[in-house]
Amino acid sequence: MVLIPATIIGNSLFIIHSFQTSIDFQLQRQALLIAETFDATSFQSVTDVASAQASIQRMIASETEELRSFDILIPEGSKFKVVASSYPGNIGKLQDSSSAIPREYFIAWDADQGTARLAAASDQDVAQNPALKNQRYYNIVFPLHDADGNKIALLNLKMSIKVTDDLTRQTLLGSSGILVLTLLIVIGLLMINTRLFEYAVLINKLKEVDQMKDEFISMASHELRSPITALKGYISMFSDGSFGALSEAGKKSIAIIESSIRRLADLVEDLLDVSRIEQNRLQVSLEEVNIDEVISMTIDEMAVNAQSKKITIAYPTKGKSMPTVHADKDKLRQIMVNLLSNAIKYTPAGSVLITVQPQPDETHLIVKVKDSGIGMSAPEHEKLFTKFYRVKSESTKGIIGTGLGLWITKQLVELMGGKIYVDSIVGTGTEFSFTIPVFVAPVTKKS
Ligand code: ADP
């Protein structure tokens, strides 16, 4: 995370530094070139001070604005004397080797070779023009020769590198802006990346937890089965008088215990179905099934429930000739039990109508279970087949359930090649319908 921004900064600084060095070198060459040109064309004689001064004025006027000041000096004893200058006040001044620049006069004179050195603007320059403060210069000291090639004087010129310094500063500012922007983008990307990584870890954890939950449900439901079976056995022995006659109050209590155990057993079976379906362990064995038989059987099972709520169950197509279906008989029964028990459960009083008919293309039968109960709103339809979903309203208050029945029903219908639908109006009733493939006899070869 730190390496990427550090590399970008390092690279930018390196580029800027290289740029600055090459520009400085370029300027240095340019400054020396001006001095050489002056040497070759402008200066003829040391004695002609007036013409030297005129040459300087010409040079200052014609050369680039970078050219700031000019001095022409001739040796006098152990010193150099200014004979012409862009600052006329300098003329006649004597320079010895006591300061940095005059030391260069001696070096240039002795070696007969130009020198170029970067320096800040002198106090005299700043005094003449305060805008020059903080400007950098190339201080060029160059030996001048007469027509025969003899050294006759020294030229000291100062060339400002303000223009290029400004340019570099602007480039530096621009590239710093781009650098900051790049860093922000990199940091943003890194943050997104880190978050994505955290999400990936979280998703893995969630998967693990989900798997642990599935395993726990499966294990707990299995373990609950045996004690429930034992409870069921002993309670039925109590109710059929195997342990002696029961008082009326005793019979009532046993009936309550029996119904609670039944609810517990149903819940455990639902949970087992959920874990079987989720782990793809639920097997269906498809065969030719008479759907009329299954529906009639379910109605008989539910009759007591319906009667206790004064609900009539109508099944007008009972016994009518209907194609057989290709289904798992137990699972088909389970689907019918879930839909019919819900129809009774969520209908305070009224009727339930069951119909079966072939679909227009005759590949499937469609079974409809319609009640005149509390109904549901459209947004509730959408979540109905989700695991553990229960409608929470005034009318469902006090009705016991787990929210697993319809989810299991949908899975079972689909496992057998059908589809399930719901149509409901609040306060009017609900119609659940599902399709199931018609049985097609396998073609046998004639011998
Ligand atoms: P449960 O009945 O155990 O709560 P289900 O999965 O069978 O779970 O049903 C989910 C929810 O759908 C129920 O809680 C109920 O609100 C609603 N529901 C199911 N069948 C009907 C129906 N016939 N009429 C009205 N509401 C129903």
Side-chain angles (χ1 to χ4, degrees), residues 217 220-221 224 228 259-278 282 295 298-299 301-315 330-356 366-416 418-435:
I217 290 179
S221 340
L224 282 170
I228 289 173
S259 111
S260 301
I261 291 175
R262 220 176 299 124
R263 260 179 38 213
L264 194 59
D266 286 349
L267 172 64
V268 168
E269 283 311 313
D270 276 357
L271 286 176
L272 276 173
D273 276 343
V274 170
S275 70
R276 280 189 207 114
I277 292 168
E278 283 188 332
L282 192 87
I295 294 174
T298 318
I299 294 174
E301 270 179 56
M302 297 283 147
V304 183
N305 264 0
Q307 274 158 20
S308 69
K309 290 181 77 178
K310 304 219 168 5
I311 291 169
T312 56
I313 303 176
Y315 175 36
D330 288 337
K331 307 287 183 279
L332 193 57
R333 193 192 133 270
Q334 195 176 343
I335 292 168
M336 281 310 298
V337 168
N338 279 349
L339 294 182
L340 194 52
S341 66
N342 272 356
I344 296 168
K345 203 156 80 168
Y346 297 104
T347 302
S351 61
V352 177
L353 172 69
I354 301 173
T355 55
V356 185
I366 182 156
V367 182
K368 296 180 178 174
V369 180
K370 184 177 184 179
D371 63 54
S372 59
I374 58 173
M376 282 168 282
S377 65
E380 287 158 357
H381 294 179
E382 287 165 23
K383 302 180 216 147
L384 207 59
F385 297 104
T386 344
K387 231 186 308 172
F388 296 110
Y389 177 74
R390 304 205 69 218
V391 175
K392 287 187 184 71
S393 67
E394 267 307 302
S395 7
T396 58
K397 220 158 95 185
I399 303 178
I400 292 165
T402 57
L404 289 174
L406 283 180
W407 184 81
I408 295 171
T409 304
K410 182 172 188 276
Q411 309 302 314
L412 294 179
V413 168
E414 288 174 358
L415 266 175
M416 292 194 282
K419 281 188 175 147
I420 189 162
Y421 309 94
V422 63
D423 193 7
S424 183
I425 298 172
V426 179
T428 304
T430 304
E431 179 183 276
F432 279 100
S433 50
F434 68 92
T435 58

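Counting starts at 1 for both ligands and their atoms, following the listed order. Model, not experiment: these values are computed from the prediction.
- The atoms of ligand 1 that sit less than 4.0 Å from any heavy atom of Leu404 are 6 (O), 8 (O).
- When non-hydrogen atoms are compared, ligand 1 lies under 4.0 Å from neither the backbone nor the side chain of Asn338.
- Considering backbone and side-chain N/O atoms, Thr396 never comes within less than 3.5 Å of an N/O atom of ligand 1.
- The protein atom (non-hydrogen) at minimum distance from atom 12 (O) of ligand 1 is Leu384 CD1, 3.2 Å.
- Taken to the nearest 0.5 Å, the CD1 atom of Ile277 stands 6.5 Å off from the CG atom of Leu415.
- Taking all atoms of both residues into account, the shortest heavy-atom contact from Ile344 to Lys309 is O-NZ, 2.7 Å.
- Near Lys345, meaning under 4.0 Å from any of its heavy atoms, are these atoms of ligand 1: 1 (P), 2 (O), 3 (O).
- Atom CG in Leu384 sits 5.0 Å away from atom CG in Leu406 (nearest 0.5 Å).
- For Thr347, no heavy-atom contact with ligand 1 is shorter than 4.0 Å.
- When atom types are taken as modelled, the side chain of Lys345 and the backbone of Ile399 share no donor-acceptor pair closer than 3.5 angstrom.
- Across the listed options Gly403, Gly401, Ser393, Gly403 owns the non-hydrogen atom lying nearest to atom 8 (O) of ligand 1.
- Of the protein's heavy atoms, Asp371 OD2, 2.9 Å lies nearest to atom 23 (N) of ligand 1.
- Contact annotation: for Phe432 versus ligand 1, heavy atoms closer than 4.0 Å belong to the side chain alone.
- For the residue pair Gln411 / Asp273, no side-chain donor-acceptor distance below 3.5 Å is found, with atom types taken as modelled.
- Without hydrogens or angle criteria, Thr298 side chain to Val337 main chain gives no donor-acceptor distance under 3.5 Å.
- Proximity of a side-chain donor or acceptor of Thr435 to a complementary backbone N or O of Lys419 within less than 3.5 Å is detected.
- Atom 3 (O) of ligand 1 has Thr402 N, 2.8 Å as its closest protein atom, hydrogens excluded (heavy atom only).
- The residue among Ile400, Leu406, Thr430 with a heavy atom at the shortest distance from atom 6 (O) of ligand 1 is Leu406.
- In the candidate list Val422, Val352, Val369, Asn342, Asn342 is nearest to atom 20 (N) of ligand 1, counting heavy atoms.
- For atom 11 (C) of ligand 1, the closest non-hydrogen atom on the protein side is Tyr389 O, 3.8 Å.
- With a 4.0 Å cut-off on non-hydrogen atoms, Glu380 does not touch ligand 1 at all.
- Between Phe434 and Leu332 the shortest side-chain heavy-atom distance falls below 4.5 Å.
- No side-chain heavy atom of Phe432 sits less than 4.5 Å from a side-chain heavy atom of Thr409.
- Between Arg390 and ligand 1, an N or O atom pair is found at a separation short of 3.5 Å.
- The shortest contact between atom 13 (C) of ligand 1 and any protein heavy atom is with Tyr346 OH, 3.2 Å.
- To the nearest 0.5 Å, atoms CD1 (Ile408) and NZ (Lys387) are separated by 10.0 Å.
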